[in-house]
Amino acid sequence: MFLKHSWYVAGFDHEINRTPLRRQLLGDWLVLYRLEDGTPVALKDQCPHRFLPLSRGKLVGDEIQCGYHGLTFDQSGQCTRVPTQEHVHKSVCVDSYTLHEKYGMVWLWHGDAALADEALIPNWNIGPGLDHHTSDQWASAKGYFAPKASYSLVIDNLLDLSHIVYVHTSSFGSEDTNRAEMRSEVSDTAISDYRFVPGGMPGPAFYGYVGDEKTPVDFWIDMHWQAPSNLLLEFGVTEPGRPRSEGFQWIASHLLTPKDATSTHYFWVVSRCFDLDNDEHTQQWWHAVDGAFHEDHDVLEAQQIELGERELLKDIKPLVFASDASAMKARRIVKQLLEPQEAAS
């Protein structure tokens, strides 16, 4: 079961347009499109007559027409026309979902529309928060991948960054990460992990920013998670003993939306606050991050194959080490948030 009364990314803003888009989100197949004025719409992607996906139809003005028998639905999901009869009963409808556009993303509220508070769209009082997606003070690269692994496994991966030493050896991995000075902050709905390595060797992706590949630097990797599935990463390098503000800094969003119980939509944006007009630099970082995610992809999918339909903690007990503390806390927080929803179902 997924936490319904939360905001999840349905897609980048450019993905949703006047061509109906079929996408599975939190186990349900939806059709996403825009009205003529640009307002995004999400409906259940299934005509209630003979169950053809509405995404296989077409837009007629602001309404979507089924490609089988021509039933037409408005943005609320109400059927407005059945070509073979004059009147349409109000019971002929499909589910509609609340969307809101912010930070260059279209966000989905999967629960009760009356509770859809836009102020709950995740952000962090850290640097630019998610404004780095669109701010002219940051240069951004963005991407997407879809591991066939549960979103909980992906969160485990992101909250235990000790894996970068072994999985991302050609990009972000550094053995010195394992000697990081660490601290954590935990609330009812969020976790922040802070990792700082003084006088260490960073991963290959950072060579050349401060000295060369043989020059020790101070580097940091701070991960911030908000329940149920959105994360913000701050990282950077500076000369030993110097403040972060004098170094090179990056910020990255990791926005996860469950596709179903064993697969995930993973939207990412990584930005830097220097050398803003260098498109070649932006492309280099896109390739570095995309390559790292493909490495994660292989690990996550192999994990899910081994787990099958079983869930960690509930159906199978893993070994737990100190580095797993934040991931285990995140799983417990989500479980607690789900309890009222499960009790009401």
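Remember, predicted model here, so these are calculated numbers, not experimental data.
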Taking every non-hydrogen atom, the tightest pair across [X] and [Y]:
X      : Y      : value
Val41  : Leu99  : C-CD1, 3.4 Å
Leu338 : Met1   : CD1-O, 3.7 Å
Leu159 : Ala330 : CD1-CB, 3.7 Å
Phe12  : Trp268 : CZ-O, 3.8 Å

Step through the shown structure and confirm whether more than 12 heavy atoms of other residues, nucleotides or ligands are within 6.0 Å of [atom1] on [X].
X      : atom1 : value
Asn125 : CG    : no
Glu280 : CD    : no
Arg56  : CZ    : no
Glu309 : CD    : no
Asp112 : CG    : yes
Glu175 : CD    : no
His69  : NE2   : yes
Asp315 : CG    : yes

How about [X] and [Y]: do any of their side-chain heavy atoms sit closer than 4.5 Å?
X      : Y      : value
Leu233 : Ile221 : yes
Leu120 : Leu115 : no
Val31  : Pro20  : yes
Asn157 : Leu300 : yes
Leu3   : His110 : no
Thr80  : Val88  : no
Leu232 : His254 : no
Leu43  : Tyr97  : no

*Could you tell me whether a side-chain N or O of Asp218 sits under 3.5 Å from a main-chain N or O of Gly200, the two making a donor and an acceptor?*
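Between the backbone of Gly200 and the side chain of Asp218 there is no qualifying donor-acceptor contact (under 3.5 Å).
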
*Mark yes or no for whether Trp107, through its side chain, and Lys102, through its backbone, hold a donor-acceptor pair below 3.5 Å.*
yes

*Kindly indicate whether a cation-pi arrangement holds for Arg23 with Trp29, taking the cut-offs as under 6.0 Å to the six-membered ring centre and within 45° of the axis.*
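No.
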
*Taking the six-membered ring of Tyr194 as reference, does the NZ or CZ atom of Arg183 fall below 6.0 Å from its centre and within a 45° cone about the axis?*
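Because its charged atom sits under 6.0 Å from the ring centre and within 45° of the axis, Arg183 does stack over Tyr194.
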
List the atom pairs, donor and acceptor, that lie under 3.5 Å between side-chain atoms in residues 71-79 and the rest of the protein, sequence neighbours left out.
residue	atom	partner	partner atom	Å
Thr72	OG1	Gly70	O	3.1
Asp74	OD1	Ser76	N	3.0
Asp74	OD1	Ser76	OG	2.6
Asp74	OD1	Gly77	N	3.2
Asp74	OD1	Gln78	N	3.1
Ser76	OG	Gln78	N	3.4
Gln78	NE2	Lys90	O	3.2
Gln78	NE2	Val92	O	3.1

Donor-acceptor contacts, no H, no angles, side chain residues 165-174, under 3.5 Å, sequence neighbours left out:
residue	atom	partner	partner atom	Å
Tyr166	OH	Asn178	ND2	3.0
His168	ND1	Glu295	OE1	2.7
His168	NE2	His163	NE2	3.4
His168	NE2	Asp296	OD1	3.1
His168	NE2	Asp296	OD2	3.3
Ser174	OG	Asp176	N	3.2
Ser174	OG	Met201	O	2.2

*Verify whether one side chain among His132 and Ser253 offers a donor that lies under 3.5 Å from an acceptor in the other.*
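Side-chain D/A pair, His132 to Ser253: present.
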
_Test log, rule ring-ring contact (aromatic ring centres under 6.0 Å, His included), inputs Tyr144 and Tyr266_ = CA-CA 6 Å; Tyr144 165 87; Tyr266 192 140; 8.7 Å; no

*Is the closest basic N to carboxylate O distance between Arg34 and Glu101 below 4.0 Å?*
yes

_side-chain hydrogen bond (donor to acceptor under 3.5 Å, both in side chains) contacts in which one or both residues fall within residues 113-123, not counting sequence neighbours_ =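 Every side-chain hydrogen bond (donor to acceptor under 3.5 Å, both in side chains) pair that includes a residue of residues 113-123, provided the two are not neighbours, is His100-Glu118, Tyr103-Asn123.
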
*asked:* Evaluate Asp324 against Lys329 for salt bridge (Lys or Arg N to Asp or Glu O under 4.0 Å), listing each step before the verdict.
replied: CA-CA 9 Å; Asp324 298 307; Lys329 289 173 185 175; over 6 Å; no

*Does the salt bridge (Lys or Arg N to Asp or Glu O under 4.0 Å) test come out yes or no for Arg331 and Asp156, once each step is laid out?*
CA-CA 9 Å; Arg331 283 178 175 268; Asp156 290 347; 2.8 Å; yes

*Measure up the Phe206 and Phe235 rings against each other and bin them: parallel (under 30°), tilted (30 to 60°), perpendicular (over 60°).*
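Perpendicular.
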
*Plane angle bin for Trp250 and Trp285 - parallel if under 30°, tilted between 30 and 60°, otherwise perpendicular*: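 Trp285 and Trp250: tilted rings.
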
